[in-house]
Amino acid sequence: TLRILNKSPQSHVLMADLNENMLKAGQENLINEGHFNNFSCIRANAELLPFPDQSFDKTIISFGIRNVTNLSKSLSELYRVTKDFGRCLIMEFSLPEHSLTKSLSIAYLDHLLPLMGKIIANDKESYEYLAQSIQQFPDPNVFKNMLQKCGFDQVTIHTFMLGNVRLFQCFKTI
């Protein structure tokens, strides 16, 4: 959200999250960066968004889609609230495709990440959940097919951090 508002200060961003603490943290971050009037927050479930059809030019979810209970329902909701000819961007952690990098990533997720969570944040369980949710998230091509099944097209996948992060860009055309 911060990147969007810094790049396009005339934009208005609506942040939605089911977790009230995440919304508060996002709001505080934007205010600390000097954004006071060009955003709003709403507590909402991604599986049942409280917005009319075709509400947004762009829909964006970053590092959160893997946390929803019903992935297909959430993607359908993103499609529903995206305007015709609008764009949807989804950034999420992923496992690399290359076998060596994938093995190293899994070892990091299974062992080092929970240990760091325990030492730094005194919260091993949250970091174990993070590791599990990343490993259980669908393969990039499976996720691409899910987006297409919901109606999105022109789905492209951009890879970052040796395949540990992916950006899915898609459009709603009629």
Side-chain angles (χ1 to χ4, degrees), residues 1-5 7-8 10-27 29-30 35 38-97 102 105-106 109 126-161 163-174:
T1 305
L2 180 59
R3 177 177 262 171
I4 294 166
L5 292 176
K7 190 173 183 178
S8 301
Q10 75 285 359
S11 296
H12 183 85
V13 173
L14 174 63
M15 296 187 302
D17 200 300
L18 187 58
N19 185 313
E20 189 72 34
N21 291 331
M22 292 298 288
L23 284 174
K24 287 179 183 176
Q27 184 176 5
N29 187 34
L30 291 175
H35 298 283
N38 51 349
F39 74 92
S40 52
C41 300
I42 185 169
R43 188 167 181 259
N45 186 335
E47 296 171 20
L48 189 62
L49 294 171
F51 311 113
D53 295 355
Q54 300 190 47
S55 293
F56 304 102
D57 296 315
K58 292 179 185 166
T59 51
I60 301 169
I61 185 165
S62 298
F63 305 110
I65 197 73
R66 72 186 144 65
N67 295 316
V68 301
T69 305
N70 187 326
L71 187 54
S72 295
K73 178 68 175 150
S74 298
L75 294 177
S76 293
E77 282 292 281
L78 281 173
Y79 182 82
R80 182 184 65 77
V81 301
T82 303
K83 288 183 180 178
D84 289 345
F85 306 106
R87 182 167 55 157
C88 179
L89 300 163
I90 300 173
M91 183 171 277
E92 192 53 81
F93 292 115
S94 182
L95 290 176
E97 293 178 16
K102 184 175 184 176
S105 292
I106 290 171
L109 291 169
S126 293
Y127 289 85
E128 287 174 333
Y129 167 78
L130 174 61
Q132 291 169 358
S133 68
I134 292 169
Q135 292 179 66
Q136 292 171 355
F137 192 72
D139 170 270
N141 289 316
V142 170
F143 189 68
K144 177 181 178 178
N145 289 337
M146 292 176 79
L147 288 164
Q148 291 169 327
K149 186 175 180 181
C150 289
F152 287 111
D153 56 10
Q154 301 177 39
V155 181
T156 56
I157 305 170
H158 306 275
T159 302
F160 303 94
M161 297 180 57
N164 287 293
V165 174
R166 303 224 199 268
L167 173 64
F168 298 85
Q169 176 178 259
C170 49
F171 294 88
K172 180 179 180 180
T173 57
I174 51 174

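The figures that follow rest on heavy atoms only: side chains count, while hydrogens, waters and symmetry mates do not. FYI, the numbering just counts along the sequence from 1.
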Can you give me the closest heavy-atom contact between [X] and [Y], atom names plus distance?
{"X": "Thr173", "Y": "Phe85", "answer": "CG2-CD2, 4.1 Å"}
{"X": "Leu5", "Y": "Ser11", "answer": "CD2-O, 3.7 Å"}
{"X": "Pro52", "Y": "Val81", "answer": "O-CG1, 4.0 Å"}
{"X": "Asn45", "Y": "Glu47", "answer": "OD1-N, 2.8 Å"}

Measuring from [X]:[atom1] to [Y]:[atom2], what's the distance to the nearest 0.5 Å?
{"X": "Phe93", "Y": "Phe137", "atom1": "CZ", "atom2": "CZ", "value": "11.5 Å"}
{"X": "Gln148", "Y": "Cys170", "atom1": "CD", "atom2": "SG", "value": "9.0 Å"}
{"X": "Thr82", "Y": "Leu89", "atom1": "OG1", "atom2": "CG", "value": "9.5 Å"}
{"X": "Leu49", "Y": "Leu78", "atom1": "CG", "atom2": "CG", "value": "6.5 Å"}
{"X": "Leu23", "Y": "Arg43", "atom1": "CG", "atom2": "CZ", "value": "8.5 Å"}
{"X": "Ile60", "Y": "Gln169", "atom1": "CD1", "atom2": "CD", "value": "10.0 Å"}

My understanding is that only one of Val165, Thr159, Asn164 makes a side-chain contact (heavy atoms from CB on, under 4.5 Å) with Pro96; could you say which?
Asn164
Indicate yes or no: at least one non-hydrogen side-chain atom of [X] is less than 4.5 angstrom from one of [Y].
{"X": "Ile157", "Y": "Phe168", "answer": "yes"}
{"X": "Leu30", "Y": "Val13", "answer": "no"}
{"X": "Lys172", "Y": "Asp84", "answer": "yes"}
{"X": "Val155", "Y": "Asn145", "answer": "no"}

Would Arg166 and Phe143 satisfy side-chain contact (heavy atoms from CB on, under 4.5 Å), going step by step from the backbone distance to the final call?
CA-CA 11 Å; Arg166 303 224 199 268; Phe143 189 68; over 6 Å; no
Would you please name every residue forming a salt bridge (charged side-chain N to carboxylate O under 4.0 Å, His left out) with [X], sequence neighbours left out?
{"X": "Glu128", "value": "Lys124"}
{"X": "Lys73", "value": "Glu77"}
{"X": "Lys83", "value": "Asp57"}

Counting only heavy atoms not in Tyr127, do more than 12 sit closer than 6.0 Å to its OH atom?
no
Between side-chain atoms of residues 61-69 and protein atoms elsewhere (two or more places apart, or another chain), which donor-acceptor pairs fall under 3.5 Å?
unit_1, atom_1, unit_2, atom_2, d
Arg66, NE, Glu92, OE2, 2.6
Arg66, NH1, Ser133, OG, 3.0
Asn67, OD1, Tyr129, OH, 2.7

Summary of salt bridge (charged side-chain N to carboxylate O under 4.0 Å, His left out) pairs that have at least one residue in residues 132-153, sequence neighbours excluded:
none
Can you give me every donor-acceptor pair (side chain of residues 14-21, partner residue at least two apart or in another chain, under 3.5 Å) with its distance?
unit_1, atom_1, unit_2, atom_2, d
Asp17, OD1, Asn19, N, 2.7
Asn19, OD1, Asn21, N, 2.7
Asn19, OD1, Met22, N, 3.1

